[in-house]
Amino acid sequence: MSMRNIVAIDLGASSGRVMLAQWSSANQQISLREVRRFTNQRVRRADYDCWDLERLEQEIRLGLAQLDDEGIVPDSIGIDTWGVDLVLLDANGERVGEAVSYRDKRTEGHMAQAINDLGKGAIYQRTGIQFLPFNTLYQLHALHQQQPDWQEQVQHALMIPDYLHYRLTGQMNWEYTNATTTQLLNIHSGEWDSDLLTWAGVPAKWFGKPTSPGNTLGYWTSASGNHIPVIAVATHDTASAVLATPLMQDDAAYLSSGTWSLMGIESLQPCVSTAALNANITNEGGAEGYRVLKNIMGLWLLQRVCTELHITDLCSLIKDAEKEPACRALVNPNHSRFINPDSMVQEIQNACVEQNMPVPQTPAALARTIFDSLALLYRQVIGELGTLRAAPLRQLHVVGGGSQNPLLNQLCADACQLPVLAGPIEASTLGNVGCQLIALGELRDVSDLRRCISQNFPLEKFEPLNNSAFAAHQARFAALSQPAKELAYD
């Protein structure tokens, strides 16, 4: 019998964790322990909205040091984070400038310029990636125009998890699943697209060859002198979350629910048809094939409302929201106005005023507006995905932190008229762990991992109930999400 200690460092846009997974090969059991949790708050630097990388690295090292103090020697370490954002390094491997967040406003107008200069269809055929105004392609174009003093010093550009792996090992890497989120990777060759880099105004030499998840990059040395392998997992947190989603049938979709909602299907081939382009579907890399999905603003709206109103009891808020009338007020969660407004409460209320809808005034009414709007958007996306695969979807797996919200799960089941299977909550962590276990030879493949997860982490099922409220309001919601008003087109 072998026992493995696997460290998964999972960083989201609002928090991060150092997690210890203990694996028993004898009974195929996985247990998780949270070693360290910390907030991830953006900071204002050089007039930009930035990530505090020094603090994130410090928190990671403190979590690893705690395990070392406990006498636990990990078999491996892996890091996953959000996508899109870059860290710039000079010839000595030192950081250049700031790690500017995708929520910063510097990219405003750059996506429209790319579409005008290169053609929307041409970009999509090259990359298969959803048009979002903060994609790395537009970040680099903004860098070229706004920060030439930074650019002239740069020799390397790393995605956030690649940078953190580099800080632990001294080895640079460009992991494939996160690289695909940039809208810079050519979907046909799997290499960085030279024409898109030229348009962005940056040299190809900044980027190394993309590598598949599962390779050992190097070693982190603990204070006690142990050399621990660092494995490049599926470093995009959604890629890791989908890895851990126990999809057991071909007609099942997934919804990774957190700050963002990522709804999609798995496919061995990308979907870059005109219908996919019109629906703004993305084809991100997975550990196996593609994640054909759509990015939805998700619980970011609720998180901001709770922060502004100083709400800490989320369970009570959800119970109060359940008592509110269904679909009284609706917004389009994917509208660009909700990316990073000064006040989310005011922005939601303003959107309702503009659409001549009742204005939610209480926390419960605001939460219900968000939940109903998300459920209707999920319904719309499920329909788009079913059309693309030319066959209806018959089951939806909801994973991640949002899977703990019973009201949203039920509304999702009702709106989509599909059974919803909720869990596991720690999907991105488990996908991170699973990728390491596959690399270490403890599991055969993704199917083996999913079988283990379904045995170790029971799912909660939500059957669809009355569809009348959502069916009656579908046309009303559709009017809010016409292309001219969608996130990608503003």
J.: For a quick test of reading the model, state the closest non-hydrogen atom pair linking Pro325 to Asp372 and the distance between them.
T.: O-OD2, 4.1 Å

J.: Grab the two heavy atoms, one from Leu11 and one from Arg17, that are nearest each other, plus how far apart they are.
T.: CD2-N, 4.5 Å

J.: Could you walk me through whether Tyr176 and Thr211 pass the side-chain hydrogen bond (donor to acceptor under 3.5 Å, both in side chains) test, one step at a time?
T.: CA-CA 5 Å; Tyr176 171 69; Thr211 61; over 6 Å; no

J.: Any carboxylate oxygen within less than 4.0 angstrom of a Lys/Arg side-chain nitrogen, looking at Arg36 and Glu34?
T.: no

J.: Grab the two heavy atoms, one from Pro360 and one from Ile348, that are nearest each other, plus how far apart they are.
T.: CG-CG2, 4.2 Å

J.: Both conditions, 6.0 Å and 45 degrees, for the charged tip of Arg103 above the ring of Trp300: are they met here?
T.: yes

J.: Return the orientation label for the Tyr166 and Tyr163 ring planes: parallel under 30°, perpendicular over 60°, tilted otherwise.
T.: tilted

J.: Is Lys319 salt-bridged to Glu322, going by a charged N under 4.0 Å from an acidic O?
T.: no

J.: What pairs with Asn5 under side-chain contact (heavy atoms from CB on, under 4.5 Å), at least two apart in sequence or on another chain?
T.: Leu20, Gln22, Ile72, Asp75

J.: Of all heavy-atom pairs between Gln183 and Gln130, which one has the smallest distance, and what is that distance?
T.: NE2-O, 3.9 Å

J.: Thinking salt bridges, do Arg389 and Glu266 make one under a 4.0 Å N-O criterion?
T.: no

J.: Under 3.5 Å, which donor-acceptor pairs link side chains of residues 396-404 to any protein atom two or more places apart or in another chain?
T.:
| from | atom 1 | to | atom 2 | distance (Å) |
| --- | --- | --- | --- | --- |
| His397 | NE2 | Gln395 | OE1 | 3.1 |
| Ser403 | OG | Gly400 | O | 2.6 |
| Gln404 | NE2 | Gly401 | O | 3.2 |

J.: Once salt bridge (Lys or Arg N to Asp or Glu O under 4.0 Å) is applied, do any residues pair with Arg42, and if so which ones, sequence neighbours excluded?
T.: Asp49

